[in-house]
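To keep things clear, I will list the structure first and then write my remarks on it.
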Amino acid sequence: MSENEEKIFEAKEIIESCASLTVLTGAGISAESGVPTFRGKDGLWRNFRSEQLATPDAFWDNPKLVWEWYDWRRSAIKEARPNPGHFALAELEGQKRNMTLITQNIDGLHQMAGSKKILEIHGNIWQVRCTKCGDIKQNHRVPLEETPPRCELCGEIGRPNVVWFGEIIPMEVIDRSLKAIEECDVMLIIGTSGVVEPAASLGLVAKQTGKKVIEINLESTTNSPLFDLTLLGRSGEILPLLYTSHKVYS
Ligand code: APR
């Protein structure tokens with residue numbers, strides 16, 4: 001058995017025997033669905049990095065440019081379907097007494113796969129929030145009819161209902177995430193580079209409060225040495241191996 005196979009075996013035993021699980025996902029889990037990650041080379045758009053566009057300053061400087069970037073991301077996400085990693089997490093939720101899925105992803109693929117208890121800590125790309133009256137509407141049009149889109153109620157420009165760099169995640173969402181970590185036995189951290197706060201620290205909170213923390217990623221991250229186990233590989237291949245009744249999804 002290779003070292004990684006041994007770790008997968010160990011992780012499977014830990015996950016099968018725990019009653020309560022909290023999961024944190026990042027862009028890596030959706031990579032196999034064709035959604036570009038943020039920090040990989042495919043995350044670049046017209047030579048901009050996400051940190052240059054996903055900010056309130058960038059938006060108010062040039063709302064049209066920022067919306068064109070979101071239009072591009074929405075077109076990639078619209079075609080995407082959940083992969084075996086998303087489905088495995090949805091199935092695992094059905095097997096556990098308590099499982100919360102905290103995601104940094106704004107693509108909605110966990111919902112599409114059937115996960116129920118989800119905290120979208122960075123918002124959702126399919127919602128537009130009015131910059132004046134705060135009204136939030138679902139909007140699935142790709143491409144958008146106009147950039148920026150206008151509020152149906154007050155006519156002011158809308159923004160994506162996501163959390164940008166320099167903005168704060170709503171306190172209630174953070175509280176619920178911390179509570180889920182407090183209540184769990186095991187935390188799984190999947191497909192995140194662990195460089196964006198406060199999500200990056202959630203695994204450390206789990207570790208410091210005595211939980212087992214298992215990471216799944218294509219490569220080691222700066223936080224890997226702090227966790228109990230790091231399984232290297234694609235989440236869509238590893239996750240279905242981590243519980244008993246795994247099925248083959250096409
Ligand atoms: N399986 C597992 N991990 C993968 C896979 C895969 N198939 N493909 C890529 N990865 C890993 C990469 O190695 C990387 O460590 O997923 C991670 C993705 O990291 P980022 O692109 O930085 O994404 P994420 O950590 O989710 O970014 C956090 O930053 O731009 C903001 O708000 C945005 O939510 C995002 C946040």
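This chain uses plain numbering: 1 for the first residue, then up along the sequence. FYI, side chains are in, hydrogens and waters are out, and symmetry mates aren't considered; it's all heavy atoms of this structure. Order of appearance sets the numbers: ligands from 1, and atoms from 1 within every ligand.
Salt bridge annotation for E156-R129: absent, with no cationic side-chain nitrogen under 4.0 angstrom from a carboxylate oxygen. The pair K207-D228 counts as a salt bridge, with a side-chain nitrogen and a carboxylate oxygen less than 4.0 angstrom apart. Salt-bridge annotation for D135 and K137: present, with a side-chain N of the basic residue lying under 4.0 Å from a carboxylate O of the acidic one.
With a 6.0 Å cutoff to the six-membered ring centre and a 45° limit on the axis angle, R141 does not count as a cation-pi contact of W126.
Annotation for Q138: atom CD counts as buried by contact number, over 12 foreign heavy atoms lying within 6.0 Å.
Residue contact check: S50 has heavy atoms under 4.0 Å from atoms 30 (O) of ligand 1. Those atoms of ligand 1 with a heavy atom of G26 less than 4.0 angstrom away are 26 (O). Close approach of ligand 1 to A31 (heavy-atom distance below 4.0 Å) involves ligand atoms 8 (N). Near F165, the atoms of ligand 1 lying under 4.0 angstrom from a non-hydrogen atom of the residue are 30 (O), 31 (C). Proximity to G233 (heavy-atom distance under 4.0 Å) selects the following atoms of ligand 1: 1 (N), 2 (C). The R234 neighbourhood of ligand 1 comprises atoms 1 (N), 7 (N), with distances under 4.0 Å to a heavy atom of that residue.
The protein non-hydrogen atom at the shortest distance from atom 18 (C) of ligand 1 is G191 O, 3.6 Å. Atom 4 (C) of ligand 1 has as its closest protein heavy atom G28 CA, 3.5 Å. Protein heavy atom at the shortest distance from atom 25 (O) of ligand 1 is T192 OG1, 2.6 Å. When hydrogens are left out, the protein atom nearest atom 14 (C) of ligand 1 is N217 OD1, 3.8 Å; that is the closest non-hydrogen contact. The protein heavy-atom contact nearest to atom 35 (C) of ligand 1 is F38 CE1, 3.5 Å. The single protein non-hydrogen atom nearest to atom 32 (O) of ligand 1 is H122 ND1, 3.3 Å, given as residue, atom name and distance. Of the protein's heavy atoms, R39 NH1, 3.1 Å lies nearest to atom 27 (O) of ligand 1.
Looking at ligand 1, you won't find any N or O of T221 less than 3.5 Å from one of its N or O atoms. At least one N or O atom of S235, backbone or side chain, sits closer than 3.5 Å to an N or O atom of ligand 1. For A27, a nitrogen or oxygen atom sits less than 3.5 Å from a nitrogen or oxygen atom of ligand 1, counting backbone and side chain alike.
The closest non-hydrogen atom to atom 3 (N) of ligand 1, taken over L218, I216, I29, T25, comes from L218. Selection from Q104, E32, E219, E197 by nearest heavy atom to atom 13 (O) of ligand 1 gives E219.
Contact between A54 and ligand 1 is absent, with no heavy atom of the residue lying under 4.0 Å from the ligand.
Proximity of the aromatic rings of F48 and W69 is defined here by a centroid distance below 6.0 angstrom, and this criterion is not met.
In summary, the side chains of T221 and E215 do present a donor paired with an acceptor at a separation below 3.5 Å, with no hydrogens or angles considered. With hydrogens and angles left out, the side-chain atoms of E182 and T209 include no donor and acceptor closer than 3.5 Å.
Contacts with ligand 1 closer than 4.0 Å are made by heavy atoms of both the backbone and the side chain of T37. Contact annotation: for S193 versus ligand 1, heavy atoms closer than 4.0 Å belong to both the backbone and the side chain.
In this structure, V195 is not a member of the same hydrophobic cluster as V163, with clusters built from ILVMFWY side-chain heavy atoms closer than 4.5 Å. There is a path of hydrophobic side-chain contacts, each under 4.5 Å, that joins M187 to I121.
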Go through the steps to decide whether Q127 and N161 satisfy the test side chain to side chain donor-acceptor pair (under 3.5 Å), and finish with yes or no. CA-CA 5 Å; Q127 296 173 352; N161 190 29; 2.7 Å; yes
Could you walk me through whether I214 and I189 pass the side chain to side chain contact (heavy atoms under 4.5 Å, CB included) check? CA-CA 6 Å; I214 301 169; I189 299 184; over 6 Å; no
Would you check, one step at a time, whether the test side chain to side chain contact (heavy atoms under 4.5 Å, CB included) holds for C18 with K96? CA-CA 8 Å; C18 80; K96 292 292 163 196; 4.1 Å; yes
